[in-house]
Amino acid sequence: VGWWASRRSREGRLSPAVQAKADDLWQKMSPVNGGKAVTREGAAKFFGHKFGKLSVDAMFDEVDVNHDQEMTKEEWDAFWLGVKTAGYTNESIAEELDNMLGGCAWVDWRDGRAPAHSEKAMGSMGSKRSQP
């Protein structure tokens, strides 16, 4: 039982490299309040005009769990941990973080949370998501 619990705990964590990519994306969205929150405006500046509104709407639908129109760092980190525990590998998460850092749209992860516009955002980029 101890071995399985230890293995499961390791599998549910982001690798340091993936956490660093998530932190990099967070920083690029111009956090406010001493780095503790990202507003829709900060996220929209990062995602730009091409797919900005859809990406911001989809991201906030999934990450801003209390719907106060600000994502906290705690909500952000909890979201990525949820993606990992939903069965995605560090490699697939890193790839998608790299895609977003490179200008691609936010799309839905199959993690039990569903953004209102996920299909539009995903369809716009022609992106594919592998299931966990």
Distance from [X] atom [atom1] to [Y] atom [atom2], nearest 0.5 Å?
X    : Y   : atom1 : atom2 : value
M100 : S55 : CE    : OG    : 9.0 Å
L97  : L25 : CG    : CG    : 6.0 Å
D77  : L14 : CG    : CG    : 8.0 Å
L101 : E96 : CG    : CD    : 11.0 Å

Start with the C-alpha distance between H67 and F60, add both sets of side-chain angles, then the distance that settles side-chain contact (heavy atoms from CB on, under 4.5 Å), and finish with yes or no. CA-CA 8 Å; H67 307 291; F60 270 76; over 6 Å; no

Could you walk me through whether T89 and K84 pass the side-chain contact (heavy atoms from CB on, under 4.5 Å) check? CA-CA 6 Å; T89 65; K84 180 69 169 90; 5.7 Å; no

Could you tell me if the side chain of P31 sits less than 4.5 Å from the side chain of W26, heavy atoms only? yes

Is K21 close to D98 at the side-chain level, that is, under 4.5 Å between some pair of heavy atoms? yes

Answer yes if W109 and L81 sit in the same cluster of Ile, Leu, Val, Met, Phe, Trp and Tyr residues linked by side chain heavy atoms under 4.5 Å apart, and no otherwise.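 Each belongs to a different hydrophobic cluster.
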
Same cluster for M59 and V32 if Ile/Leu/Val/Met/Phe/Trp/Tyr side chains link at under 4.5 Å? no

Flag for N99-E95: side-chain donor and acceptor within less than 3.5 Å: no

Please list, one pair per line, the donor and acceptor atoms closer than 3.5 Å that link side chains of residues 33-43 to other protein atoms, with sequence neighbours excluded.
unit_1	atom_1	unit_2	atom_2	d
T39	OG1	E41	N	3.4
T39	OG1	E41	OE1	3.4
T39	OG1	G42	N	3.1
R40	NE	Q69	OE1	2.4
R40	NH1	D57	OD1	2.9

Checking side-chain contact (heavy atoms from CB on, under 4.5 Å) for the pair W76/M29: CA distance, chi angles, key distance, verdict? CA-CA 12 Å; W76 180 254; M29 290 188 290; 3.6 Å; yes

With side-chain contact (heavy atoms from CB on, under 4.5 Å) as the criterion, how do D64 and E70 come out once you've worked through the C-alpha distance, each side chain's angles and the decisive distance to 0.1 Å? CA-CA 7 Å; D64 183 21; E70 285 190 345; 5.7 Å; no

Determine, stepwise, if the pair D23 / Q27 fulfils side-chain hydrogen bond (donor to acceptor under 3.5 Å, both in side chains). CA-CA 6 Å; D23 291 344; Q27 288 301 318; over 6 Å; no

Check the surroundings of atom NZ in K45: do more than 12 heavy atoms from other residues, nucleotides or ligands lie under 6.0 Å from it?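 Check fails, neighbour count at 12 or below.
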
Quick one: are the ring centres of F47 and W106 less than 6.0 Å apart? no

E75 versus M71, closest heavy-atom pair with distance: OE1-CA, 3.3 Å

Test item: E62 side-chain N/O and F79 main-chain N/O as donor-acceptor pair under 3.5 Å: no

